[in-house]
Amino acid sequence: MQIRDATEADADELASKTGAPRDVMRNLVHDRTVRVAATDDTVKGFVSFDARRDTVHITQLEGTEDICEELLDEPIRFAHKEGMAVELLVPATDSQTKEAVENSAFERDGNGPTFEGTKTLRYRLDPT
């Protein structure tokens, strides 16, 4: 599996993984840092993130637990170089992503907001 920058051509596969419209995913590729995990030409998962102030915010994380762990290395590496913390929200019912996040040394930092009736948990990784 290869981790690479997402391209506009990946928008259809990103949309199918999230249920979001293709145009939304195309805009995501342009507006955020998006890295994909791909085998051959098939996207297996992705992470999107941006940096504001002293924190890298992971805005989306999709894939199996193992793939998510690999993808989390990207924003963590960036944050470490810049001396920044990393934060993300995980749906409370998504045990696979919670496991990947906790395996990557994130600590639960309380509850996040509720989106469309789905409760979230806030995770944070502070620079060491």
Side-chain angles (χ1 to χ4, degrees):
M1 182 165 27
Q2 172 191 19
I3 306 289
R4 62 171 173 76
D5 288 328
T7 66
E8 194 170 304
D10 295 318
D12 284 335
E13 287 192 73
L14 300 181
S16 72
K17 295 207 174 309
T18 62
R22 181 187 186 286
D23 288 347
V24 170
M25 292 295 104
R26 186 173 43 81
N27 289 339
L28 181 77
V29 169
H30 292 290
D31 296 341
R32 303 239 190 295
T33 300
V34 182
R35 304 283 286 161
V36 297
T39 303
D40 300 318
D41 290 329
T42 304
V43 173
K44 301 292 187 182
F46 74 97
V47 63
S48 63
F49 58 97
D50 62 357
R52 285 180 271 141
R53 291 190 172 169
D54 297 331
T55 306
V56 173
H57 296 274
I58 297 174
T59 55
Q60 286 190 279
L61 179 63
E62 298 287 337
T64 65
E65 182 180 327
D66 291 339
I67 289 171
C68 285
E69 284 181 38
E70 279 191 62
L71 288 165
L72 284 169
D73 287 343
E74 300 293 315
I76 290 170
R77 186 175 12 260
F78 175 83
H80 181 72
K81 271 186 2 188
E82 300 298 323
M84 302 172 83
V86 186
E87 290 186 351
L88 76 154
L89 300 174
V90 176
T93 58
D94 187 347
S95 59
Q96 181 173 277
T97 302
K98 285 192 296 188
E99 195 70 28
V101 168
E102 290 169 4
N103 289 344
S104 296
F106 283 82
E107 294 184 10
R108 182 143 173 229
D109 191 34
N111 295 324
T114 299
F115 294 108
E116 297 178 355
T118 301
K119 294 181 180 186
T120 63
L121 306 173
R122 182 180 316 277
Y123 284 89
R124 182 174 175 89
L125 179 64
D126 287 307
T128 55

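Since the model is a prediction, treat every value here as computed from it, not as a measurement.
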> Could you give the distance from OG1 (Thr55) to CZ (Phe49), rounded to the nearest 0.5 Å?
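It is 14.0 Å, given to the nearest 0.5 Å.
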> Check Gly63 against Cys68 and note the closest heavy-atom contact, atom names and distance.
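Shortest heavy-atom separation between Gly63 and Cys68 comes out as O-SG, 3.4 Å.
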> When you measure from the side chain of Lys44 to the backbone of Thr39, do you find a donor-acceptor pair of N or O atoms at a distance under 3.5 Å?
no
> Below 4.5 Å, heavy atoms only, C-beta onward: do Ile58 and Leu72 meet side chain to side chain?
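SC-SC contact between Ile58 and Leu72 confirmed.
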> How close do Val36 and Asp5 get, counting heavy atoms only, and between which atoms?
CG2-O, 4.4 Å
> Report whether Phe46 and Phe78 are members of the same hydrophobic cluster (ILVMFWY, side-chain heavy atoms less than 4.5 Å apart, transitive linking).
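Cluster IDs for Phe46 and Phe78 differ.
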> Does the side-chain contact (heavy atoms from CB on, under 4.5 Å) test come out yes or no for Leu14 and Val29, once each step is laid out?
CA-CA 10 Å; Leu14 300 181; Val29 169; 3.9 Å; yes
> Decide yes or no on side-chain contact (heavy atoms from CB on, under 4.5 Å) for Ile3 and Leu71, but give the supporting numbers first.
CA-CA 7 Å; Ile3 306 289; Leu71 288 165; 3.8 Å; yes
> Ignoring hydrogens, what is the shortest heavy-atom contact between Ala85 and Arg124? Give both atom names and the distance.
CB-NH2, 3.3 Å
> Are Val47 and Val24 grouped together when hydrophobic residues (ILVMFWY) are joined by side-chain heavy atoms under 4.5 angstrom apart?
no
> Identify the two heavy atoms, one from Arg122 and one from Glu87, that lie closest to each other, and give their separation to 0.1 Å.
NH1-OE1, 4.4 Å
> Which atom names give the shortest non-hydrogen contact between Ala20 and Met25, and what distance separates them?
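Taking Ala20 first and Met25 second, the nearest heavy atoms are CB-CE, 3.7 Å.
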> Nearest 0.5 angstrom please: Leu28 CG to Glu8 CD, how far?
12.0 Å
> Would you check if the side chain of Ser48 reaches a backbone N or O of Val34 as a donor-acceptor pair within less than 3.5 Å?
no
> If you apply the rule side-chain contact (heavy atoms from CB on, under 4.5 Å), what do you find for Arg52 with His57, and how did you get there?
CA-CA 7 Å; Arg52 285 180 271 141; His57 296 274; 3.6 Å; yes
> Spell out, as yes or no, whether a donor-acceptor pair under 3.5 Å connects the side chain of Thr114 to the backbone of Gly117.
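No; zero donor-acceptor contacts below 3.5 Å.
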> So for atom CG, which belongs to Asp50, do other residues, nucleotides or ligands contribute more than 12 heavy atoms lying within a distance under 6.0 Å?
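Enclosed.
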> Taking NZ, NE, NH1 and NH2 as the nitrogens, is one of them in Asp10 or Arg4 under 4.0 Å from a carboxylate oxygen of the other?
yes
> Hey, what do you get for CD (Gln60) to CZ (Arg32), rounding to the nearest 0.5 Å?
8.5 Å
> Between Lys17 and Val43 (side chain of the first, backbone of the second, donor and acceptor by atom type, cut-off under 3.5 Å), is there such a pair?
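Yes; at least one donor-acceptor contact below 3.5 Å.
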> Judged by atom type as modelled, is there a donor-acceptor pair below 3.5 Å linking the side chain of Ser104 to the main-chain atoms of Phe106?
no
> Between atom CD of Glu102 and atom CD of Glu69, what is the distance when rounded to the nearest 0.5 Å?
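Those atoms lie 10.5 Å apart.
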> Looking only at heavy atoms, what is the nearest atom pair of Val56 and Ala79, with distance?
CG2-CB, 3.7 Å
> side-chain contact (heavy atoms from CB on, under 4.5 Å), that's the test. Do Leu89 and Phe115 meet it? Break it down for me.
CA-CA 11 Å; Leu89 300 174; Phe115 294 108; 3.8 Å; yes
> Give, for atom CG of Asn103 and atom CD of Glu65, the distance between the pair rounded to the nearest 0.5 Å.
5.5 Å
> How about Glu13 and Thr42: do any of their side-chain heavy atoms sit closer than 4.5 Å?
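In short, these two side chains touch, coming nearer than 4.5 Å.
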> Can you tell me how far CG of Asp109 sits from CG of Leu121, rounded to the nearest 0.5 angstrom?
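Answer rounded to 0.5 Å: 11.0 Å.
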> Would you find more than 12 non-hydrogen atoms of other residues, nucleotides or ligands less than 6.0 Å from Gln96 atom CD?
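Yes, CD of Gln96 has more than 12 neighbouring heavy atoms, counting only those of other groups under 6.0 Å.
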